[in-house]
Amino acid sequence: MLPTKEPSVLHCLIVDDQPACIDILSSYVERTKGLQLASTLLDGIAAFDYLQTHSEIHLVFLDVEMPAMSGFDFLKMLEQKSSALLPLVILTTGHTEYATQGYQFDRVVGFLQKVVSYQNFLEMVQKAQRMIRRHSDNTTANDPSSHSSGSQPLPEDYQQLERERDLLLRAFQLHSK
């Protein structure tokens with residue numbers, strides 16, 4: 001959940017059906033200052049249930065292709081169910097064609113292509129940290145009394161993500177012609 005003030009530690013959830021990918025991402029989280037691994041889960045259904053009772057999660061590393069429920073189905077279900085701000089999501093996938101689909105969701109920071117390198121992992125985490133920092137700054141500057149309100153407008157970072165998504169979609173459309 002995007003906090004109303006910048007947290008000193010981002011609590012992370014890893015959702016992937018491949019134990020090897022979980023191991024890699026877990027080791028990256030553990031060696032990165034400012035991140036703490038809350039849990040790892042093998043499917044979207046378990047992740048959805050987990051997030052219903054653990055509102056302290058700031059960042060989810062979400063596999064796109066999983067049995068029973070894809071990462072995109074998980075995001076759709078979570079956005080429909082939750083009226084509160086969702087945690088930020090970094091998609092993980094072996095297929096770059098999913099990148100454009102991921103940007104239709106407001107909370108998707110970006111995607112990491114498997115096998116994930118630590119450098120790419122750090123870049124996405126730093127982007128998520130900047131988004132949280134800006135959200136925290138905007139919330140404090142705009143209206144400190146609105147911290148408990150779930151109906152805040154999207155911060156400028158998400159508007160920037162939407163612009164980036166639109167540019168990527170246009171680039172992919174031009175490239176595929």
For the student: nearest non-hydrogen atoms of [X] and [Y], plus distance:
X: Pro67; Y: Asp17; value: CD-OD2, 3.3 Å
X: Leu41; Y: Ala47; value: CD1-CA, 3.4 Å
X: Leu51; Y: Pro87; value: CD1-CG, 4.2 Å
X: Gln36; Y: Val9; value: CB-CG1, 3.5 Å
X: Gly44; Y: Phe74; value: O-CD1, 3.4 Å
X: Ala128; Y: Leu59; value: CB-CD1, 4.0 Å

Going by side-chain contact (heavy atoms from CB on, under 4.5 Å), Thr40 matches just one of Val29, Asp16, Asp23, Ile14. Which one?
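Testing each of Val29, Asp16, Asp23, Ile14 against Thr40, the sole residue satisfying side-chain contact (heavy atoms from CB on, under 4.5 Å) is Ile14.
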
From the list Thr92, Leu42, Val15, side-chain contact (heavy atoms from CB on, under 4.5 Å) with Asp63 holds only for Thr92

[X] side chain vs [Y] backbone, donor-acceptor pair below 3.5 Å:
X: Gln52; Y: Asp49; answer: no
X: Lys127; Y: Val109; answer: yes
X: His11; Y: His58; answer: no
X: Asp43; Y: Ala46; answer: yes
X: Tyr28; Y: Leu122; answer: no

Side-chain heavy-atom pair Val60, Ile57 within 4.5 angstrom cut-off
yes

Can you find a pair of side-chain heavy atoms, one from Met124 and one from Phe111, that are under 4.5 Å apart?
no

How many angstroms lie between [atom1] in [X] and [atom2] in [Y], if you round to the nearest 0.5 Å?
X: Arg133; Y: Gln126; atom1: CZ; atom2: CD; answer: 9.5 Å
X: Ile90; Y: Arg107; atom1: CD1; atom2: CZ; answer: 14.5 Å
X: Glu65; Y: Gln18; atom1: CD; atom2: CD; answer: 9.0 Å
X: Glu30; Y: Cys12; atom1: CD; atom2: SG; answer: 11.0 Å
X: Asp106; Y: Glu79; atom1: CG; atom2: CD; answer: 6.0 Å

Before giving the answer on side chain to side chain contact (heavy atoms under 4.5 Å, CB included), spell out for Lys114 and His95 the whole-Å C-alpha distance, their side-chain angles and the decisive distance to 0.1 Å.
CA-CA 8 Å; Lys114 293 179 181 179; His95 304 280; over 6 Å; no

Could you walk me through whether Leu75 and Val89 pass the side chain to side chain contact (heavy atoms under 4.5 Å, CB included) check?
CA-CA 9 Å; Leu75 283 168; Val89 174; 3.7 Å; yes

Stepwise, does the side chain to side chain contact (heavy atoms under 4.5 Å, CB included) test hold for Phe72 with Val64?
CA-CA 6 Å; Phe72 294 131; Val64 172; 3.5 Å; yes

Is the closest side-chain donor-acceptor distance between Thr32 and Tyr118 under 3.5 Å?
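Distance-only check passes for Thr32 and Tyr118.
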
Can Ser117 and Asn120 be counted as having a side-chain donor-acceptor contact under 3.5 angstrom?
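Note: Ser117 and Asn120 side chains meet the donor-acceptor criterion.
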
Working note: Leu91 + Leu112, criterion side chain to side chain contact (heavy atoms under 4.5 Å, CB included); need CA distance, chi angles, decisive distance, verdict.
CA-CA 6 Å; Leu91 296 172; Leu112 294 168; over 6 Å; no

What pairs with Phe61 under ring-ring contact (aromatic ring centres under 6.0 Å, His included), at least two apart in sequence or on another chain?
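ring-ring contact (aromatic ring centres under 6.0 Å, His included) check on Phe61 returns Phe121.
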
